[in-house]
S.K.: 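Have a look at the structure that comes next, please.
In what follows, every chain begins at residue 1, and chains take the letters A, B, ... in the order their sequences are listed.
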Number of protein chains: 2
Amino acid sequence: MVTKQFKGSPEEADLRRADSLAREIFSDVANKWALLIIEALGERTLRFSELRNDVEGISHKMLTQNLRMLERYGLVERKVYATVPPRVEYTLTEPGQALRATVDGMCGWTHQYLGHIEASRRRFDA
Amino acid sequence: MVTKQFKGSPEEADLRRADSLAREIFSDVANKWALLIIEALGERTLRFSELRNDVEGISHKMLTQNLRMLERYGLVERKVYATVPPRVEYTLTEPGQALRATVDGMCGWTHQYLGHIEASRRRFDA
DNA sequence: CAGGATCCAAACTGATACTG
DNA sequence: CAGTATCAGTTTGGATCCTG
């Protein structure tokens, strides 16, 4: 839609594009694996295999896929060392660190309301 | 694992259970639909059909499914009015509001780094 | 070791039909 | 109106095999 006619001002158009872009980014980033990777990277740099261990339950494929996405978005930096065997390190960039701050908030929230949620869940299931 | 032997103290056991529970909650809540619903509910109460409109792109099925999950976790309250036609309203509970605060943070982050991300993406795709 | 490619299972979607 | 249920089609995820 909104392809043939355009009723609003150019500024309105920009806002709409920005909104849909923001929404797209949000949809990509707001998935558990991406956020758990961000959280795992915390302050320290990690290798692919270390991430695989730290982010419990993540598959090889999802790790690769999400790392590519995060790299593409400029949230993590990928550093390849031309050694044998190869060594690849991932580090949060500044935007990545900023995101991590909010993810930390979510983790804190989870722990804070753990008891409440567990109780509510038990109640609901009865 | 950790079923046959248990090496640590009982306190350690509790911490592990809490951690795996926290992780479970995080995994459920940290998906785009749940977070977008939380965000949409913001301060105001919304009906099912209003949510369907506000959370752009969500399917009937995913909306129902996520609302049940959020209700089960005690993050949204579901209020049914026995009228014809029926009216069902969803409101954030206090824990839900607390979560929303962190989701707001993520939304803010998205808008703040919009330009940076878009640029990085373009660079990566080249 | 890192990660691409492949195949199969599970999850999501959209449409539609049915209930209270 | 607000669901539940179901079906077909698409997408996503996991496991495995292969390479530099």
S.K.: Is any side-chain N or O of H60(B) under 3.5 Å from a base N or O of dG14(C), one able to act as donor and the other as acceptor?
M.R.: no
S.K.: At a heavy-atom distance below 4.0 Å, what parts of residues 28-39 of chain B sit against DNA chain D?
M.R.: none
S.K.: In terms of side-chain heavy atoms, does Y90(A) have a donor or acceptor partner in E77(A) at a distance below 3.5 Å?
M.R.: no
S.K.: Less than 4.0 angstrom between a side-chain N/O of Q65(A) and OP1 or OP2 of dG4(C), yes or no?
M.R.: no
S.K.: For the backbone of H116(B) and the side chain of S120(B), can you confirm whether one donor and one acceptor N or O come within less than 3.5 Å of each other?
M.R.: no
S.K.: Between W109(B) and Y113(B), what is the ring plane arrangement, given parallel below 30°, perpendicular above 60°, and tilted in between?
M.R.: tilted
S.K.: Using a heavy-atom cut-off of under 4.0 Å over every strand shown, decide if E89(A) touches base, sugar-phosphate, or nothing.
M.R.: nothing
S.K.: Within less than 4.0 Å of OP1 or OP2 of dA2(D), is there a side-chain N or O belonging to R78(B)?
M.R.: no
S.K.: Could you identify which residues of residues 43-53 of chain B place a heavy atom less than 4.0 Å from some atom of DNA chain D, listed by residue number, or say none?
M.R.: R47(B), F48(B), S49(B)
S.K.: Does Y90(A) make a side-chain N or O approach to OP1 or OP2 of dC1(C) shorter than 4.0 Å?
M.R.: no
S.K.: Under 3.5 Å, is there a donor on one side chain and an acceptor on the other for R100(B) and Q97(B)?
M.R.: yes
S.K.: As a quick check of understanding, evaluate salt bridge (charged side-chain N to carboxylate O under 4.0 Å, His left out) for R68(A) and E71(A), giving each step before the final call.
M.R.: CA-CA 5 Å; R68(A) 283 301 151 275; E71(A) 187 193 355; 3.6 Å; yes
S.K.: Salt bridge (charged side-chain N to carboxylate O under 4.0 Å, His left out) for R23(B) and D28(B)? Distances and angles first, verdict last.
M.R.: CA-CA 9 Å; R23(B) 170 58 184 277; D28(B) 282 346; over 6 Å; no
S.K.: 5'-most contact on DNA chain C: K61(A) or L67(A), nearest heavy atom basis?
M.R.: L67(A)
S.K.: Among dT4(D), dA2(D), dA2(C), which nucleotide has an atom closest to any side-chain atom of V88(A)?
M.R.: dA2(C)
